[in-house]
Structures are given as structure tokens and as C-alpha cells.
Amino acid sequence: MKALVSIKRVVDYNVKVRVKSDGTGVETANVKMSMNPFDEIAVEEALRLREAGTVTEVVAVSCGPLACQETLRTALALGADRAILVQTDEELQPLAVSKLLKAVADKEAPQIFIVGKQAIDDDSNQTGQMLAALTGWSQATFASKLKIADGKAEVTREVDGGLATIRISLPAIITTDLRLNEPRYVTLPNIMKAKKKPLDTLTPEALGVDVKPRLKTLKVVEPSKRKAGAKVADAAALVDKLRNEAKVI
Amino acid sequence: MIRDSIRKIAQEHFKPGAAAADREYRPPVENIKVLADNGFAGVAIPEEYGGLGLGVFELMLIMEEVSRACANTAMLMGGTGGGPTPRVIAAVGTDALKKKFLPKMAKGELFAAWSMSEPNAGSDVGNVQTKAIRDGNEYVINGSKMWCSGAQLADVFLVLVRLDPTPGMKGVGAIMIERGTPGFEVGKHLDLIGLHATGMAPLYFEDCRVPAENVIIPAGGMRKLFEILDDDRVVGNPSICLGVASAALEDALAYTRERKQFGRALTEFQGLQWKLADMAIDLEAGRTLLYAAARKAAAGQLTPMDASVAKVYVNEMSQRVTNSAIQVCGAYGLSNEFPFERYYRDVRGFAIGYGTTEIHRNSIAREMILGNYKP
Ligand SMILES: Nc1ncnc2c1ncn2[C@@H]1O[C@H](COP(=O)(O)O)[C@@H](O)[C@H]1O
């Protein structure tokens with residue numbers, strides 16, 4: 001059984017993001033970029049499935065500029081068998097990414113496609129769901145546990161009220177939540193091996209996908225600054241402030 | 001990617017325990033296991049012996065990142081496949097010695113120490129007095145060694161000894177001695193200013209018999225050793241200084257951004273801004289120099305002068321930067337609840353180890369006077 005995992009290159013989670021002075025987006029020049037953390041979880045889950053003998057091949061896919069190769073190399077160093085870059089310098093919105101991923105899925109015919117629940121840069125939380133709609137495959141979002149047996153996936157999902165466990169048929173799209181697993185470190189021998197693993201490049205044109213943005217960003221602004229807090233002497237003073245100043249109780 | 005990977009491992013696993021290891025004089029051997037589990041034990045060991053055969057540059061990066069989190073761990077790493085001993089074994093050892101030691105070192109299962117200094121012979125290697133006298137198929141060793149890092153945990157020691165009565169450097173060679181060999185004893189922990197958790201100790205030899213095949217460098221072969229050591233001057237000693245100095249500036253910057261005095265953030269004071277900028281200039285100059293030396297070493301083009309220039313500068317830079325880090329943090333800089341005083345203590349010894357900065361200045365001057373350097 002083949003597993004595909006999608007990998008987005010995003011601004012590293014440690015970086016304090018700054019809005020560009022012209023308000024068109026966030027500054028990405030000279031900023032450390034890394035693999036979207038939810039995609040690290042996706043890779044880890046696919047590797048565990050392979051180590052358990054359920055999956056035979058793990059293929060990492062990323063869409064974006066040439067620099068995404070570096071992020072794909074990280075996926076290879078974590079243990080993925082090969083990688084595919086759909087190379088484009090266009091701005092990619094979730095719908096475009098889903099279409100590209102669908103085209104790759106058509107070519108690769110995986111039984112399971114593991115996608116991060118959301119990208120930490122745009123926080124869209126859309127790609128996995130759209131991909132499921134486009135492929136017509138079953139989907140289980142926000143997975144915190146995944147079991148595969150008898151051609152079915154049993155997925156525990158993090159939902160508002162707690163946990164929901166569902167069983168879906170394959171092929172399926174799974175999106176990863178934080179508690180699904182704890183990704184391993186990239187080990188040094190695997191970094192060396194990753195250099196020799198295949199990394200193929202495709203283009204949206206070759207896949208016949210129109211990636212033109214459908215949404216227009218009007219303006220990007222910094223979140224408003226939090227005002228300094230105040231210290232209160234005791235609980236009574238706090239209740240007083242909440243009631244009379246903040247008027248929330 | 002190598003840097004990202006080792007940084008993450010080091011920051012998550014080594015940094016949290018660094019202060020306690022130093023305070024308790026307890027070598028953080030558990031960190032060596034983490035390194036080995038993630039493939040970082042066999043970095044410099046050739047592939048045919050189970051290592052990765054990485055070059056000087058990668059090794060330097062790895063040492064820098066480990067030191068940024070915990071300098072004691074970096075020192076211990078010198079006893080694994082990243083340190084000088086396996087590189088010497090790989091470069092000049094017999095097949096038998098390589099097979100015996102390298103595969104285990106590559107897995108982090110065998111810890112090797114390296115012992116050069118004696119009470120009366122530090123940088124002055126020609127004055128080594130520990131004697132090894134041939135007796136049939138064995139050498140009989142008598143004498144003592146000082147300041148051996150990792151001594152308390154090492155399984156095997158590469159020891160510089162006088163193999164031949166010829167005076168000076170010509171009589172000096174090196175022999176591998178295993179822990180537990182009768183007549184060989186590891187002394188009490190030596191308490192120096194910093195790096196309290198490296199298990200540093202003296203070694204004592206009294207009629208200690210070692211098989212002759214353990215000789216790794218015959219008498220008079222020290223040139224060869226120094227060539228290997230030239231690389232090591234880049235990989236080991238100054239990389240650790242660079243890592244610690246980086247940590248000092250990183251932490252000092254974090255501290256000064258948080259702290260307020262006279263109603264303003266410390267970083268709003270121009271005097272302090274300039275100090276931080278000077279620290280960064282100094283640090284980056286040292287980094288550039290060391291990286292350039294490491295690149296040359298990787299290409300086999302490192303001259304003794306390059307190595308000495310980088311070592312001296314980075315040794316002294318790290319003293320300045322860690323010293324300034326204390327200064328900008330005031331009394332907190334002095335407190336052992338904060339890491340600054342430890343950084344300051346940890347870097348001090350590097351200007352003395354692996355050739356004092358004075359000895360290196362001598363060799364820089366010698367190269368200059370010989371006409372081997374064009375300004
Ligand atoms: N450009 C991209 N290339 C590959 N995968 C992507 C890309 N953008 C989004 N994804 C995948 O979709 C997930 C959710 O992203 P989003 O819908 O943008 O929040 C990410 O965690 C990735 O697994």
C-alpha cells in the first residue's frame with residue numbers, strides 16, 4: 001500500500017512574523033523556513049505505518065517554488081522513500097493546492113493520503129477537505145489516532161466535544177492533529193541517505209491544473225497590541241474590576 | 001539540515017540539564033546515548049567501519065551546536081566517533097586497531113580519551129616523560145599524565161609516551177591503552193575553573209604492560225599526529241568556544257530584551273545597544289574565521305597558520321563575549337541561577353588547551369618570518 005504525504009514549506013514556527021511594510025503579506029525574505037509542523041506529523045505517521053508493514057512506500061509531495069526541495073529533503077531525511085515537487089512560483093491557495101495534489105494522487109494512486117490539518121502560515125485548514133471533495137475519497141480530519149486494517153481506516157478524531165472514532169474505507173484522506181504522534185528527529189545517517197533518494201519535479205501545466213488565485217488579499221495587518229495587564233490585591237478587587245470596569249460578570 | 005537536526009536535539013535534550021551536570025560534576029553520559037541513537041556518534045569514522053566519514057566542516061557545525069546547548073556534552077563527544085582519537089586511529093592505525101575500536105566507537109559503545117599533557121609537558125610535547133620500554137612483545141609503561149578529559153568514563157586511551165630514549169620530539173609516539181590494564185589507574189577528578197562534567201582526571205602508569213601492536217604512532221611520528229591535530233584545532237577546541245559564545249549572546253539578548261531599568265527596557269539604552277552590537281561583531285568575525293578555516297581543512301588546504309589564527313581569535317573572542325554577557329546582565333550575570341557565569345568559566349580553558357594562545361602566536365610568527373604568509 002502506498003502512502004502520500006503533503007508537505008508545505010512555511011515560515012519556521014520560532015520566527016516572529018513581520019508584516020511587510022506595504023501590507024501585501026508577511027516578510028519571507030531572509031526568514032528561516034521549515035516544514036509545516038502538522039506535515040511533520042503526517043510524515044511520521046506514514047513512516048510508522050511503513051514500519052508496521054502496512055504501507056510499503058511513502059511519497060512526499062510539495063507544491064511551490066524550487067526552495068521547497070529543501071523541505072522535501074527533510075521529509076526524505078525523516079525517512080520518506082521519494083519525493084515530488086510540483087514547481088511553481090505562483091501564489092498557491094488551498095483550492096489550487098488541492099487540485100495539484102489530486103492530479104498527483106491520480107498518477108500515484110495511493111491508498112492513503114495524509115495531509116496536515118492546517119498550515120501554520122495561512123491557517124486555512126482547507127486543503128485536506130477540498131482534496132477529499134475533488135477525489136471523492138473518504139476523509140477523516142483532525143486525526144489523533146489511526147489504525148488501518150482490512151482495507152479500512154479507523155480514525156479517532158479530535159472534535160469539539162471530545163473524541164469521535166470513525167471507520168472509513170480506503171483510499172482515504174486523513175488530516176493530522178497535534179496529538180497523533182511525536183515526530184522523530186532527523187538522524188545524521190538518514191540525512192546522508194536522503195541525498196541519494198529520488199526527487200522528481202512536475203509542473204502545474206504538465207498536470208493540467210490552473211492554479212490562478214481565486215481569492216484576493218486586500219490587506220495584511222499586524223494584530224493589535226495587547227494592552228498591559230493590571231495587578232489586583234485580592235480576589236475581591238478582581239471581582240470588583242470584572243463587574244464594574246470590564247462589565248463581564 | 002545537519003545543523004537544524006543537531007540543534008533541535010541539543011536544545012531539547014542537552015540544554016535543560018547542562019547547568020545541573022556542571023553543578024553536580026556529573027558527566028552527562030545520557031547525552032552520548034542520544035547522540036548515538038540519532039547517528040551522531042560516528043560522524044568522523046570512515047563508512048567501512050560503520051561511521052559516516054563526514055568532513056571537518058560538518059563536524060565543526062555539529063560541535064558548535066552541541067556546545068551551544070551544553071559544552072560538557074561537546075567535550076564528551078570528543079570521546080566518541082567525532083573526536084581526535086578515532087580520527088587518529090582511522091588515519092594511521094593498523095587494520096587490527098581500526099577493526100577493534102572504530103565500529104564500537106561509531107555506535108557510541110566505546111568511549112575513547114586522548115591524553116597528551118603531563119605535569120611538565122603541556123604544549124611542550126617534546127618533553128613527554130611517560131616512558132614505554134619494549135620488553136618482548138610488550139611495552140612497559142611508567143609515568144603519569146594530567147588533565148585527561150573524559151578519563152573517568154573512557155574505555156580506551158590514546159596516550160602520548162616516550163617510546164624511544166632519543167630526547168625531544170623524536171622519541172615520542174602514541175600507544176592505545178585499555179582501561180583495566182594492570183598497572184594503569186585513573187586518578188581523582190581534577191577540578192578546574194569550568195567544564196566540570198567532563199570526568200577530567202590524571203592517569204598513572206606503574207609497570208603497565210601493553211601489547212606492542214597497540215602502538216599507533218611510532219617514535220618520531222608526531223608530525224603525522226600534528227597534521228591530524230591541525231584539523232582538530234578547528235573542529236574541537238574553537239568550535240566549542242564558538243558554540244558557547246553564541247549561547248551567551250543569545251541568552252544575553254533574550255535577557256536584556258525582557259529586563260527593565262529606570263522604567264525602560266534595557267535594550268532602549270544606547271550604551272547597551274552598542275555593547276550588544278560589539279558582541280555580535282566579535283562573534284561573527286570569529287565564526288567567519290573558523291568557518292573559513294574549516295572549509296580549507298575540508299579541502300585539504302588548511303595551513304598551520306590558518307588553524308592557529310582561527311584558534312587564537314575564537315578562543316579570545318569567546319572570553320570577551322561571555323564576559324560582556326555577564327556585564328550586560330549585571331548581578332544576574334554573576335548568579336549561578338543563570339547560565340552566564342558558566343559560559344564564562346567554560347570557555348576559559350580553551351585558550352590553554354590544545355596549545356596555549358601564546359604557543360599559537362609563536363607558530364603564527366614563525367610562519368610569517370619564514371615568508372609563508374603574505375598579508
Ligand atoms: N503548497 C503546498 N504543498 C504541499 N502541501 C500543502 C501545500 N499547502 C497546503 N498543503 C497541505 O495542506 C495542509 C493544510 O494546509 P491549509 O489548508 O493551507 O491550512 C498542510 O498541512 C499541507 O499538508
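On a predicted model such as this, the values are computed, not experimentally measured, just so you know. Each chain gets a letter, A, B and so on, in the order its sequence line appears, and its residues count up from 1.
- Residue A:E222 places its CD atom among more than 12 non-hydrogen atoms of other residues, nucleotides or ligands, all under 6.0 Å distant.
- With values rounded to the nearest 0.5 angstrom, B:I9 atom CD1 is found 8.0 Å from A:T187 atom OG1.
- B:D4 CG to A:M35 CE: the interatomic distance, rounded to the nearest 0.5 Å, is 11.0 Å.
- The contact between A:R73 and chain B is made by backbone and side chain atoms together, counting heavy-atom distances below 4.5 Å.
- Looking only at heavy-atom pairs under 4.5 Å with chain A, the residue among B:D37, B:L54, B:I6 that has the most is B:L54.
- Annotation for A:K145: atom NZ does not count as buried by contact number, only 12 or fewer foreign heavy atoms lying within 6.0 Å.
- For A:K241, the NZ atom counts as loosely surrounded, since its 6.0 Å shell holds 12 or fewer non-hydrogen atoms of other residues, nucleotides or ligands.
- Within 6.0 Å of the CZ atom in B:R3, the count of heavy atoms belonging to other residues, nucleotides or ligands exceeds 12.
- For the atom pair CE (B:M1) and CG (A:L76), the distance works out to 7.5 Å, reported to the nearest 0.5 Å.
- Scanning both residues, A:V186 and B:F40, for their nearest heavy atoms gives O-CE1, 4.3 Å.
- Within the 4.5 Å cutoff, the side chain of B:L52 has heavy atoms near those of the A:P189 side chain.
- Within a 6.0 Å sphere centred on NZ of A:K20, other residues, nucleotides and ligands contribute more than 12 heavy atoms.
- Atom NZ of B:K296 has 12 or fewer neighbouring heavy atoms from other residues, nucleotides or ligands inside a 6.0 Å radius.
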